[in-house]
Amino acid sequence: MNLMGNIILNVAIAFLVGSVLFGLQRKIMARIQMRPGPPIIQHLLHTFKFFIKESAFPKTAAMPFYIAITAMLCVIWVAAVIVGPVTEGSLLLFFAIYAIHKIVEHNAGSSSGSPYGKLSCVRAVYSAAAEVPLFAVLIIIYLKTGTMIISNIVTFQSQHGALLLSIPLAALMFFVLILSKSPYSPFAITKGKDIVSGYETEHFGLLRGYLMFSESIAWYMLLWIFLTVFIGGLNPVGYLIGMVIITAFVALINAVTPILNPNHSVMTQVTLAFIGIAGSIITLLY
Amino acid sequence: MDKLKTASWFIFIISVVSIVYALVFNPAVWIVYTIALLFIPLSILSFGLLSMARGKKEEEEDKRREPFIGY
C-alpha cells in the first residue's frame with residue numbers, strides 16, 4: 001500500500017476504534033452505576049449526527065480562529081497517527097503533539113467567548129502543570145532503553161522484556177495521563193460539568209462532531225502509545241484486546257469517582273508523579 | 001450561495017483532488033505528509049460545513065446571540 005493509503009487507513013481505524021471504545025467506556029460506566037446506558041456505537045453515531053445538525057456560530061466567537069482551532073485539533077492527531085502506527089517515529093514528536101493538544105484546549109475555550117469556555121481555558125493552563133510528569137516518563141524510557149524511536153523501543157522490549165515490568169511506575173504515570181484524558185475522569189477538570197462542557201460548550205453542531213472525531217483519534221493514539229511503549233509490538237488483535245482492557249479499567253475508575261476540583265486534581269496527579277519519578281529512579285539505580 | 005458555502009466547496013474540492021493525487025501518483029514523502037496533515041482535516045471540516053443544516057435567516061440572529069455575556 002502506498003503512504004497516503006496507509007495514512008488514510010490508519011486515521012480511519014483510529015477514528016472508528018476510538019469512537020467505539022468511548023462508547024464501550026460509557027456502557028461499562030452505566031452498568032456499574034446500575035443504568036442500562038447508551039448503545040456502544042452511540043459516540044460514533046453522535047459524531048456523524050452532529051455533521052448534519054443545524055449549526056450557528058456565536059456572535060461572541062473570535063472568527064475565524066473559533067473554527068480554525070477545531071481543525072488544529074484534527075491536524076495534530078492526524079500527525080500523531082503518522083508519527084505512531086504509520087512510521088513508528090520519535091516519542092518526542094508524539095509528546096510535542098500532546099503539548100499542542102493542551103494549547104488547543106486552551107484556545108478553543110478562549111475563542112468561543114463563553115465564560116464557561118474561558119474558565120475551561122484557564123483550567124487547561126492550570127492542569128498543564130500536572131502533565132509535566134509526562135516528560136519525566138520520556139526521560140525514564142530514554143534512560144532505560146537509550147532511544148526515543150518507537151520502533152527501537154519495540155525491538156528493545158523483544159530482547160529484554162516488556163517495559164511495563166521493568167519500569168512499572170513510569171507506566172503508572174502514563175496511565176494517569178490516559179485517565180485524565182478520558183470523559184468523566186476524576187481529573188477531567190477542563191470538561192467538568194460545573195462548567196457545562198468546558199472548552200466545547202460553544203462548539204456545537206458540526207464543530208462538536210469535528211472535535212469528537214479528533215478526540216476519538218486521540219483516545220486510540222494514547223492507548224496505542226501506551227501498549228507499544230510499555231508492552232511492545234502487538235498484532236492487531238493484541239492491540240484491540242489491550243485497548244478494551246484499559247478502557248474497561250478506566251471506565252471502572254471513572255464510574256466510582258467524582259470529578260475532583262482543580263486543586264485536588266492537580267495535586268493528586270503531581271503526587272502520583274512524584275512517587276513515579278522517585279520510584280523509577282530508584283528502580284533504575286538498583 | 002453565501003461566502004461560507006463557496007469557500008467550503010472550494011476547500012473540499014482542493015482537498016479531495018490533493019488526496020487523490022497523493023493516492024494515485026505516490027509523490028515524494030514530504031509532499032504526502034503535507035497533503036495528509038493539511039487536507040485530511042480540511043476535507044472533513046469543509047464537508048461538515050457543506051453538510052450541516054442551516055436555520056431560517058430570520059431565526060439565525062437569535063441563535064447566534066450569546067446568552068451568557070454578563071462580565
Side-chain angles (χ1 to χ4, degrees), chain A residues 1-12 15 47-48 50-61 63-64 67-68 70-83 86-87 89 112-119 196 201-202 204-211 213-214 217, chain B residues 1-12 14-71:
Chain A
M1 186 186 295
N2 75 2
L3 184 57
M4 193 64 185
N6 195 3
I7 293 169
I8 291 174
L9 182 68
N10 275 289
V11 168
F15 162 59
T47 306
F48 289 132
F50 280 131
F51 272 83
I52 51 167
K53 280 281 174 189
E54 189 180 321
S55 304
F57 307 126
K59 253 183 180 171
T60 50
M63 295 291 261
I67 294 178
T70 58
M72 175 67 98
L73 190 67
C74 193
V75 168
I76 60 170
W77 287 109
V78 169
V81 171
I82 294 172
V83 173
V86 175
T87 60
S112 68
S114 157
Y116 299 115
K118 287 187 178 174
L119 204 53
V196 193
T201 303
E202 293 289 349
F204 44 85
L206 108 99
L207 293 180
R208 176 63 67 88
Y210 194 35
L211 286 173
F213 172 85
S214 309
I217 298 176
Chain B
M1 207 182 319
D2 62 28
K3 262 198 279 185
L4 183 68
K5 205 150 199 174
T6 312
S8 302
W9 269 116
F10 182 70
I11 294 169
F12 183 68
I14 297 259
S15 304
V16 171
V17 168
S18 306
I19 291 168
V20 170
Y21 163 74
L23 272 173
V24 175
F25 295 101
N26 213 5
V29 170
W30 71 269
I31 297 175
V32 177
Y33 288 154
T34 309
I35 290 174
L37 288 175
L38 279 179
F39 293 118
I40 291 176
L42 280 179
S43 62
I44 299 165
L45 176 63
S46 55
F47 172 76
L49 288 167
L50 292 170
S51 65
M52 72 180 189
R54 302 289 290 268
K56 288 179 187 160
K57 202 78 185 160
E58 56 268 26
E59 290 173 3
E60 194 171 334
E61 197 57 23
D62 293 335
K63 287 173 184 163
R64 291 183 68 222
R65 200 175 301 137
E66 167 60 68
F68 305 115
I69 294 294
Y71 64 101

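Numbers restart at 1 for each chain; the letters A, B, ... are given by sequence-line order, proteins then strands. Note: hydrogens, waters and symmetry copies are ignored here, and every other heavy atom, side chains too, is used.
Atom CZ of residue Phe15(A) and atom CD1 of residue Ile44(B) lie 8.5 Å apart, to the nearest 0.5 angstrom. Here Glu54(A) contributes atom CD and Met52(B) contributes atom CE; the two are 9.0 Å apart, rounded to the nearest 0.5 Å. Taken from CG in Leu49(B) to CD1 in Ile67(A), the straight-line distance is 5.5 Å, to the nearest 0.5 Å. The line from CG of Leu50(B) to CD1 of Ile52(A) is 14.0 Å long, rounded to the nearest 0.5 Å. A distance of 6.0 Å separates CD1 in Ile7(A) from OH in Tyr33(B), rounded to the nearest 0.5 Å.
Within the 4.5 Å cutoff, the side chain of Met4(A) has no heavy atoms near those of the Ile31(B) side chain. In this structure, Asn2(A) and Val32(B) have side chains that are not in contact, with every pair of non-hydrogen atoms separated by 4.5 Å or more. For the pair Ile40(B)/Val75(A), no side-chain contact is recorded, criterion being any heavy-atom separation below 4.5 Å from C-beta on. Put simply, the side chain of Pro41(B) does not reach to within 4.5 Å of the side chain of Trp77(A), judged on heavy atoms.
Of the listed residues (Gly205(A), Gly5(A), Cys74(A), Ala71(A)), the one with the most heavy-atom contacts under 4.5 Å to chain B is Cys74(A). In terms of heavy-atom pairs under 4.5 angstrom with chain A, the leader among Leu23(B), Ile19(B), Leu37(B) is Leu23(B).
Proximity to chain B is limited to the side chain of Phe213(A), based on heavy atoms less than 4.5 angstrom apart. With a 4.5 angstrom heavy-atom cutoff, Ile82(A) touches chain B only via side-chain atoms. For Ile76(A), no part lies under 4.5 angstrom from a heavy atom of chain B.
Minimum heavy-atom separation, Leu3(A) to Asn26(B): N-OD1, 4.2 Å. Between Tyr210(A) and Leu42(B), the closest heavy-atom pair is OH-N, 4.3 Å.
Partners of Phe25(B) by ring-ring contact (aromatic ring centres under 6.0 Å, His included), not counting sequence neighbours, listed by chain and number: Tyr21(B).
The local environment of CE in Met72(A) is sparse, with at most 12 non-hydrogen atoms from other residues, nucleotides or ligands closer than 6.0 Å.
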